[in-house]
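Worksheet: one structure, shown below.
Chain A is the first sequence line, chain B the second, and so forth, proteins listed ahead of strands; every chain is numbered from 1. Heavy-atom basis, side chains included; hydrogens, waters and symmetry copies ignored. Computed from a predicted model, the values in this text were never measured in an experiment.
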Protein chains: 2
Amino acid sequence: MDRSEILLSFLKDYRDHYLPSVSLDLVIFGFHEGQMKVLLIRFKGSQDWLLPGGRVRKDEDLNEAAYRSLRERTGLEKLFLQQFQTFGKVDRLTHFSWEETLTKMGLKEPLESLGVDIASFWSRDISVGYYALVEYTKVNPTPDIMSDECQWWDIDQVPQLLFDHNDMIRLALKTLRRQLSYQPIGYNLLPEEFTMSELQSLYETILGRKLDRRNFYKQIMNYDVLERLEKRPTIPASKAPYLYRFKKERYEQLLNEEDLSVG
Amino acid sequence: MDRSEILLSFLKDYRDHYLPSVSLDLVIFGFHEGQMKVLLIRFKGSQDWLLPGGRVRKDEDLNEAAYRSLRERTGLEKLFLQQFQTFGKVDRLTHFSWEETLTKMGLKEPLESLGVDIASFWSRDISVGYYALVEYTKVNPTPDIMSDECQWWDIDQVPQLLFDHNDMIRLALKTLRRQLSYQPIGYNLLPEEFTMSELQSLYETILGRKLDRRNFYKQIMNYDVLERLEKRPTIPASKAPYLYRFKKERYEQLLNEEDLSVG
DNA sequence: ATTATGTGCGTACATTAGACGCACAAACGT
DNA sequence: ACGTTTGTGCGTCTAATGTACGCACATAAT
């Protein structure tokens with residue numbers, strides 16, 4: 001099969017098994033050495049970057065589709081994933097023409113010669129925005145069929161993206177920061193056992209500002225979501241920091257009481 | 001035209017001019033004598049109640065579709081309307097069969113005799129949830145083509161609704177209450193000029209609990225969103241309460257700085 | 001006149017966020 | 001060996017905020 005045949009069968013699969021008019025976009029946040037990253041893909045045959053996304057199978061829950069798409073891009077599952085807004089402006093896709101794109105990719109004529117009515121394969125989409133928090137080092141960025149590259153970008157160096165994707169990142173970050181004030185974060189971002197500094201550094205990275213070490217300590221312990229473990233040094237003392245671990249039940253209780261999403 | 005022909009042309013219009021797979025549902029809150037109400041419709045030919053909804057025209061912004069649907073049900077426009085969650089479980093519509101419903105309404109056979117493939121007109125939907133705040137007395141509840149009745153229900157006497165609509169109301173109320181803590185509410189719910197008691201009563205109704213009159217006074221004045229007007233009695237005094245009015249610019253500034261939705 | 005009621009405004013206390021001081025132990029340099 | 005530096009745990013202080021409640025005053029009813 002040549003490229004246009006592969007694309008054709010891909011498009012047919014979409015038409016037959018996925019919901020029309022609905023897509024989803026993922027703002028995948030990663031953390032590495034105090035830097036907040038976001039995973040972007042480069043559109044096939046172009047220099048334009050955008051957020052990875054996905055579509056919903058006809059027999060699949062919306063949230064499940066988001067988890068699946070996340071898995072396909074990162075190789076990870078069971079991660080923190082949260083819907084934050086649905087985008088539906090008619091002109092969301094300004095400056096983008098499906099037809100023009102296929103032409104640039106040299107696929108328009110081959111497809112037409114296969115008897116494809118290109119317009120019928122693409123309509124305007126409503127897109128559900130999700131954001132995810134993942135452990136940077138564990139991710140295996142994987143491009144999808146419509147992209148050439150998939151890689152991390154520093155959050156403050158994200159270029160002009162296609163569509164309304166810059167807006168999406170802004171709103172996702174804003175939602176995440178607000179959420180941080182009433183929910184614990186970190187379960188899937190840190191190793192099983194971690195030091196207080198590591199947790200604080202994560203919070204500082206997300207919030208984009210320094211926190212007072214001592215106040216952070218007080219507040220997080222007040223949440224009653226951490227348990228302190230014993231550590232190697234003979235004396236209870238210091239320099240080798242204590243390790244902490246999340247209390248799983250309490251952690252999930254806090255998540256649930258603030259979030260009764262039903263998907 | 002008989003009923004089935006009307007319905008048929010309605011369905012055809014939907015197929016041709018509206019996005020498939022996407023719908024929206026409205027949780028419309030009203031307030032009357034300290035009671036919080038929600039607007040429900042009764043499904044045609046059945047005793048089942050549900051939330052009013054709508055669909056999105058192919059050339060229409062998602063938010064615009066929500067405003068239009070709200071207008072169609074209430075006769076009002078330019079109201080407070082906010083997206084709160086998108087629902088997409090596959091089994092959202094359990095216990096509901098489009099075909100069975102048409103049968104009950106005596107419309108299945110007439111439609112089929114008109115050459116309609118019923119299944120092709122209906123598929124599973126992703127639904128975007130919005131909530132709205134409206135002035136109870138100004139509303140003119142209007143059923144849509146699929147419902148027999150449209151009327152207010154006390155919020156604590158809402159019956160078991162079709163689909164996941166009880167969940168939607170719960171989540172909408174929760175979102176509204178949270179929003180109340182960082183945004184002013186009331187512009188379209190109260191008359192142009194109102195007393196402090198009226199505003200407080202509105203807040204108490206939404207929050208479902210009594211507030212201290214003096215503390216409420218302090219906090220709301222701190223927001224710097226109200227201006228006090230002069231009133232009739234000769235002496236500046238009391239018994240005839242002062243009237244207040246929202247400072248429009250400040251009010252909208254507060255709304256905008258907390259909400260950068262892009263639709 | 002006296003009492004009850006509604007209204008505007010003030011005070012007092014508890015809780016919280018934020019800034020910062022200090023003690024102690026390990027690691028490092030001389 | 002010894003002082004210095006660094007990281008860590010824990011305490012104190014202050015400002016801001018939410019909440020409870022006291023009080024003065026004017027009208028309306030008795």
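- A/Thr142 contributes a side-chain N or O that, together with a main-chain N or O of A/Asn140, makes up a donor-acceptor pair within less than 3.5 Å.
- Listed here is the closest heavy atom pair of A/Val90 and B/Asp61: N-OD1, 2.7 Å.
- When the P atom of C/dT7 is taken as reference, atom CG of B/Leu229 falls 16 Å away, rounded to whole Å.
- Relative ring orientation between B/Tyr136 and B/Trp152 is described as tilted, the plane-to-plane angle lying within the 30° to 60° band.
- In this structure, A/Tyr244 and A/Leu229 have side chains that are not in contact, with every pair of non-hydrogen atoms separated by 4.5 Å or more.
- Axis angle between the ends of the helix from C/dA1-D/dT30 to C/dT30-D/dA1, five pairs each and rounded to 10 degrees, works out to 20°.
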Exercise for review: Apply side chain to side chain contact (heavy atoms under 4.5 Å, CB included) to B/Ile126 and A/Ile126, showing your working.
Suggested key: CA-CA 10 Å; B/Ile126 300 291; A/Ile126 300 291; over 6 Å; no
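- Between A/Glu60 and A/Arg68 there is a salt bridge, since at least one side-chain N of the basic residue sits less than 4.0 Å from a carboxylate O of the acidic one.
- For the residue pair B/Asp212/B/Tyr217, the side-chain donor-acceptor check at 3.5 Å is not satisfied.
- Judged by the 6.0 Å and 45° rule, A/Arg178 forms a cation-pi pair with B/Tyr182.
- Looking at residues 215-224 of chain B, you'll see B/Asn215, B/Lys218, B/Gln219 sit with a heavy atom under 4.0 Å from some atom of DNA chain D.
- A heavy atom lying under 4.0 Å from DNA chain D marks the following residues of residues 195-214 of chain A, by number: A/Ser197, A/Arg213, A/Arg214.
- A distance of 6.0 Å or more separates the ring centres of A/Tyr223 and A/Phe246.
- At a cut-off of 3.5 Å, with distance as the only test, no side-chain donor of B/Glu249 or B/Gln253 sits close to an acceptor on the other residue.
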